[in-house]
Amino acid sequence: MNFYEKVYQIVQMIPAGRVASYGQIALMAGNPKASRAVGYALHVNPLPGVIPCHRVVNREGRLAPGFAFGGQDEQKKLLEAEGVDVDDNGYVNMQLYAWNNANP
DNA sequence: ACCATGACTCCAT
DNA sequence: CATGGAGCCATGG
């Protein structure tokens with residue numbers, strides 16, 4: 001299994017209404033320091049619509065700078081549609097929405 | 001193998 | 001808060 005595939009698998013495991021950080025995904029993929037590669041993996045996302053990249057945020061719960069997949073607005077709408085509250089600055093409350101394996 | 005790039009993260013200024 | 005450097009990783013030329 002490629003690193004990318006791991007990333008995609010993990011991202012697809014993220015339940016609706018939750019968000020995960022790149023570092024979190026990197027950790028699950030086996031490389032805690034591969035957060036960068038994770039972002040790259042999603043950047044080349046081969047399965048748009050299947051991989052909920054909108055549920056992936058940085059460690060602070062902040063959304064992508066804007067050029068991610070149509071803009072923060074799009075990501076914001078998608079997240080809010082799932083019940084994730086996003087502020088106007090593009091931040092989500094990680095304390096409430098952070099995703100953990102053992103915290104459904 | 002080397003170098004450049006990037007949706008990251010950490011730390012210093 | 002803004003900016004920059006350093007460290008890490010996968011990918012592509």
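To find a chain, count down the sequence lines: A is the first, B the second, and so on, and within it residues start at 1.
- Within the 4.5 Å cutoff, no side-chain heavy atoms of A:Trp99 are placed close to those of A:Arg55.
- A:His43 has its NE2 atom 14 Å from the C1' atom of B:dA4, to the nearest Å.
- Both A:Arg36 and A:Tyr40 sit near DNA chain C, but only A:Arg36 has its closest nucleotide nearer the 5' end.
- With rounding to whole Å, A:Tyr4 atom OH is found 10 Å from C:dC9 atom C1'.
- For the pair A:Asn31 and C:dA10, the criterion of a side-chain N or O lying under 4.0 Å from OP1 or OP2 is met.
- Look at CD on A:Gln72: it is 11 Å from C1' on B:dA7, rounded to the nearest Å.
- The heavy-atom pair separating A:Phe3 from A:Ala37 by the smallest distance is CE2-CB, 3.6 Å.
- When both distances must be under 3.5 Å, the Watson-Crick or G-U wobble mate of C:dC1 does not exist.
- Here the P atom of nucleotide B:dC10 and the CZ atom of A:Arg62 are 13 Å apart, to the nearest Å.
- A:Ala37 comes within contact range of at least one nucleobase, with a heavy-atom separation under 4.0 Å.
- Rounded to whole Å, the distance from CZ on A:Arg59 to C1' on C:dC8 is 15 Å.
- Here A:Gln9 contributes atom CD and A:Asn2 contributes atom CG; the two are 11.0 Å apart, rounded to the nearest 0.5 Å.
- Of the options A:Lys77, A:Glu74, A:Gln75, A:Gln72, a side-chain contact (heavy atoms from CB on, under 4.5 Å) to A:His54 is made by A:Gln75 and by none of the others.
- We find that CD of A:Glu60 is positioned 9 Å from P of B:dC10, with the value rounded to whole Å.
- A donor-acceptor contact under 3.5 Å links the side chain of A:Tyr22 to the base of B:dA7.
- Pair assignment for C:dC9: B:dG6, on the basis of Watson-Crick or G-U wobble contacts that are both within less than 3.5 Å.
- In terms of heavy-atom proximity, A:Tyr8 sits nearest to A:Ala41 at OH-O, 2.9 Å.
- Spacing between atom CD1 of A:Ile51 and atom C1' of B:dA7 amounts to 13 Å, rounded to whole angstrom units.
- Rounded to whole angstrom, the span from the NZ atom of A:Lys33 across to the C1' atom of C:dG7 amounts to 8 Å.
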